[in-house]
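What's counted below: heavy atoms across the whole structure, side chains too, no hydrogens, waters or symmetry copies. Residue numbers run from 1 in the order of the sequence given.
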Amino acid sequence: MEHKQLTELLEQMTLEEKIAQMLQLVVTFFEGSEEDGQITGPMKSLGITAETVNQVGSVLGLSGAAKVIQVQQTHLKNDRLGIPMIFMADIIHGYKTIFPIPLAIGCSWDQDLAEQSAAVAAKEAAVSGLHVTFAPMVDLVRDPRWGRVMESTGEDTYLNSIFARAFVRGFQGEDLKNDVNRVAACVKHFAAYGAGEGGREYNTVDLSERQLREYYLPAYKAALDEGCELVMTSFNTVHGSPATGNRALMRDLLRTEWEFDGVIISDWGAVIELIAHGVAEDEGEAAYLAVQAGIDIEMMTSCYVKYLPELIRSGKVDESLINEAVLRILNLKNKLGLFENPLRGADPEAEREVVYCDEHRAVSRELASKSCVLLKNTGVLPLQAEQKIALIGPFAQSTDILGPWSWMGAGCNVTPLNQAIQENISASNVVLAEGSGIDTITDVQIQEAIEVAYKSDVIVLALGESTHMSGEGGSRADITLPAAQLKLITHLKTLDKPMVAILFNGRPLDLHGVHDQVDAVLEAWFPGGEGASAITDILYGEVNPSGRLSMSFPHAVGQIPVYYNHYNTGRPKKESEPDNRYASQYLDIPNEPLFPFGYGLSYTEFEYGEIELSAKVMKPEQPLQVTVTVTNTGQMAGEEVVQLYIRDITGEVVRPMKELKAFIKILLQPGECREVSFILTEEQLRYHHSDLSFSSDAGEFVVFVGANSRDVVERRFRLVK
């Protein structure tokens, strides 16, 4: 449709029909669904009539090509103007082919593979009838107590921005209207959802405007610059106002300053939650605040349809706001090609061939292998095929490795770790014991584990969190492994045999009782459906681990938030003054994380030479070339993530100790050395000043290059303007 035709369609709509376009409901309301359009029981509490349902603009949570086709065709018969609905869902890290959780994908530092994973997810979702995914989540995260860190790509603004762009490209492609194998992306949660106090879900956020702009907003902006079609509001407050009713955030910043003209959708129930926040007295006021803020679609509450008509007729709300919102919704439907093809990519026959196909599973396996991070290794890894291993722990035979937000993933499709090792290596060299449950252990389990381990050469422990222990609503104050699993380690330690711990989890953990007791630690995260095979590849040296942490692991929960790009303070702790009490420090633990951002080991060793700069002075029109030689000094080919950081020594406001500005992933053969070069520009030195202007300061800088944010070589230069 042309814009003129969309405008003409809008003019034909009644006020009630327009407002219904702004409502999103779950599938249980609709004829043709498995529930056959029943709106009795709990659903009736929304106050939705059958007439309103017939006019609704979008559906949440339905999938399967045949079902979508049936619901859409039924809707088109019931809707007076024949306006198709948009089908939306949470396709976070895969549709049925489940990839590692996004935090793990961040640890791959591989934007091309991340884009490919999103493209696969989009293809499976689209052929199954979906049009929009509520992804990517680009919230900056610094507190691993928050269960939803698993859905982010980590603690760094630059890295999150890189992945935000990659995911949007993968989901949407280059021609959303004509490429029916793609879906529209919805970046979330706008804004700063990851900064909730205490790491508690849905909790208050209180940031300065400068901090918001410097660290939390850039990844959202990167997604929008890549063409992301939708924005989802966050549950939290921003500057004291809940995001869903925050006019300054949505209209002034998102609409006016950033010129975003796509669709803004609330998160589930966020409009009515303005009452609980204490900024709206009732549902009518909640509707008023949300529409004034610019929320186009209300998800799963009915404040709009019940109260906007009267608010408009009374003159409290201008109907032009409704027209703007509905036109944006119609425009999204047009961009998806739904007016010409309401069924879009939904194809039951193709669905059977495309979804969970071998080609897609191969991508999942590759990404899982690149997302695992080797945190410790005293030489016990890689294992040898002839070694007899005791595979022990609650995840030894578990299929619960998909992780939260694996909505359509099926445990029956998951190969457990014991089966992957037995199929790929040797069944005769693997002995099994449960050892413990996730958070329970018995004397019988301990005894069985000891007997099995006694007969082995190496003990491999499969440990971690169950899916429900992270993800949305999965905040934890204690982020150590459950006591039962720590007890299992303690008992097996008495055998004095080599021990390897494989961790399945959705957040950085406090690893005391694990890393100090075992000989090797492989952080596998929730690795997706092909995760066990990928882990097996790493354990036996078929794949050399190359994952690097995208979020720091704390030394203890009392440090949190602990992140690499922190400030120095006026009284920094100095190694030269270990006995100085009056410094910014803990008396009982280090300031530094146990494992820093960017960290990860390999089965080989990499050596960094000195940094060479093309000049000692940078000018705005004269970037610096930063060069370092990296050598593989080990016996195995391996990938290294060469990371470049900078520090602004003196700024108008305090600057971080390090900031990631670039990285390059390289593959080196044993003995091979390579010059790695970066171009560092004046633009990369800019930051938000106290007046919120964005510029660089002349003066001294340090450039660091290394394997992680801690282990670096450095050189200094000056910026002259």
Show the numbers, then the answer: is there a side-chain hydrogen bond (donor to acceptor under 3.5 Å, both in side chains) between T233 and D267?
CA-CA 6 Å; T233 66; D267 207 335; over 6 Å; no

Hey, what do you get for [atom1] ([X]) to [atom2] ([Y]), rounding to the nearest 0.5 Å?
X: L308; Y: K316; atom1: CG; atom2: NZ; value: 12.5 Å
X: I272; Y: I275; atom1: CD1; atom2: CD1; value: 5.0 Å
X: N160; Y: Y216; atom1: CG; atom2: OH; value: 10.5 Å
X: D296; Y: I264; atom1: CG; atom2: CD1; value: 5.5 Å
X: L10; Y: Q21; atom1: CG; atom2: CD; value: 9.5 Å
X: C228; Y: L224; atom1: SG; atom2: CG; value: 6.0 Å

Hey, is [X] close enough to [Y] for a salt bridge, meaning N to O under 4.0 Å?
X: E209; Y: R213; answer: yes
X: E530; Y: R365; answer: no
X: E310; Y: R313; answer: no
X: E124; Y: R352; answer: no

Should we say atom [atom1] of [X] is surrounded by more than 12 heavy atoms from elsewhere, each under 6.0 Å from it?
X: R251; atom1: CZ; value: yes
X: Y288; atom1: OH; value: no
X: K177; atom1: NZ; value: yes
X: E174; atom1: CD; value: no
X: E51; atom1: CD; value: no

Side-chain heavy-atom pair [X], [Y] within 4.5 angstrom cut-off:
X: L113; Y: Q116; value: yes
X: P136; Y: V168; value: yes
X: I83; Y: L330; value: yes
X: L249; Y: L254; value: no
X: H360; Y: K123; value: yes
X: L62; Y: F30; value: no
X: F260; Y: E229; value: no
X: I19; Y: Y304; value: yes

Using atom types as modelled and distance alone, determine if a side-chain donor or acceptor of [X] lies under 3.5 Å from a backbone N or O of [Y].
X: N203; Y: G196; result: no
X: S364; Y: I98; result: yes
X: E298; Y: Q24; result: no
X: S152; Y: G154; result: yes
X: K333; Y: P84; result: yes
X: S128; Y: S63; result: no
X: H239; Y: L207; result: yes
X: S475; Y: G199; result: yes
X: E115; Y: R169; result: no
X: S406; Y: G403; result: yes

Closest approach of [X] to [Y] (non-hydrogen atoms, all atoms of both residues):
X: G506; Y: L103; answer: O-CD2, 3.9 Å
X: V238; Y: L212; answer: CG1-CD2, 4.1 Å
X: L289; Y: A280; answer: CD1-CB, 4.1 Å
X: I401; Y: T415; answer: CD1-O, 4.4 Å
X: S58; Y: I297; answer: OG-CG2, 4.1 Å
X: I295; Y: M22; answer: O-CE, 4.0 Å

Are F99 and H93 near enough that their ring centres are under 6.0 Å apart?
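They do not qualify: ring centres at least 6.0 Å apart.
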
What about W146 and Y193, are their ring centers closer than 6.0 Å?
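Between Y193 and W146, which both carry aromatic rings, the centre distance is below 6.0 Å.
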
One pair to check against side-chain contact (heavy atoms from CB on, under 4.5 Å): E324 and L321. What are the steps and the verdict?
CA-CA 5 Å; E324 291 172 5; L321 297 182; 4.1 Å; yes

Once side-chain hydrogen bond (donor to acceptor under 3.5 Å, both in side chains) is applied, what residue pairs with a partner in residues 271-286 remain, sequence neighbours excluded?
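Those involving residues 271-286 are E283-K306.
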
Cation-pi, W268 ring and K188 (6.0 angstrom, 45 degrees):
no

Who pairs with F163 by ring pair (Phe, Tyr, Trp, His ring centres under 6.0 Å), at least two apart in sequence or on another chain?
none

Working note: I312 + L15, criterion side-chain contact (heavy atoms from CB on, under 4.5 Å); need CA distance, chi angles, decisive distance, verdict.
CA-CA 9 Å; I312 291 166; L15 178 60; 3.5 Å; yes

Any side-chain donor near an acceptor of the partner, N178 and D175, under 3.5 Å
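Note: N178 and D175 side chains meet the donor-acceptor criterion.
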
Using distance alone, with no hydrogens and no angle criterion, decide if S398 and D400 have a side-chain donor and acceptor under 3.5 Å apart.
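No.
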
Test applied, side-chain contact (heavy atoms from CB on, under 4.5 Å); reference residue, M88; option that passes from V59, I265, L130, V183:
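Option passing the side-chain contact (heavy atoms from CB on, under 4.5 Å) with M88: I265.
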
Could you walk me through whether L343 and Q73 pass side-chain contact (heavy atoms from CB on, under 4.5 Å), step by step?
CA-CA 8 Å; L343 305 181; Q73 288 178 334; 3.9 Å; yes

Intermediate values then yes/no, ring-ring contact (aromatic ring centres under 6.0 Å, His included), W405 and Y95
CA-CA 10 Å; W405 288 122; Y95 180 70; over 10 Å; no

Could you please spell out the steps behind the side-chain contact (heavy atoms from CB on, under 4.5 Å) verdict for F526 and M150?
CA-CA 9 Å; F526 287 113; M150 54 72 52; 5.8 Å; no

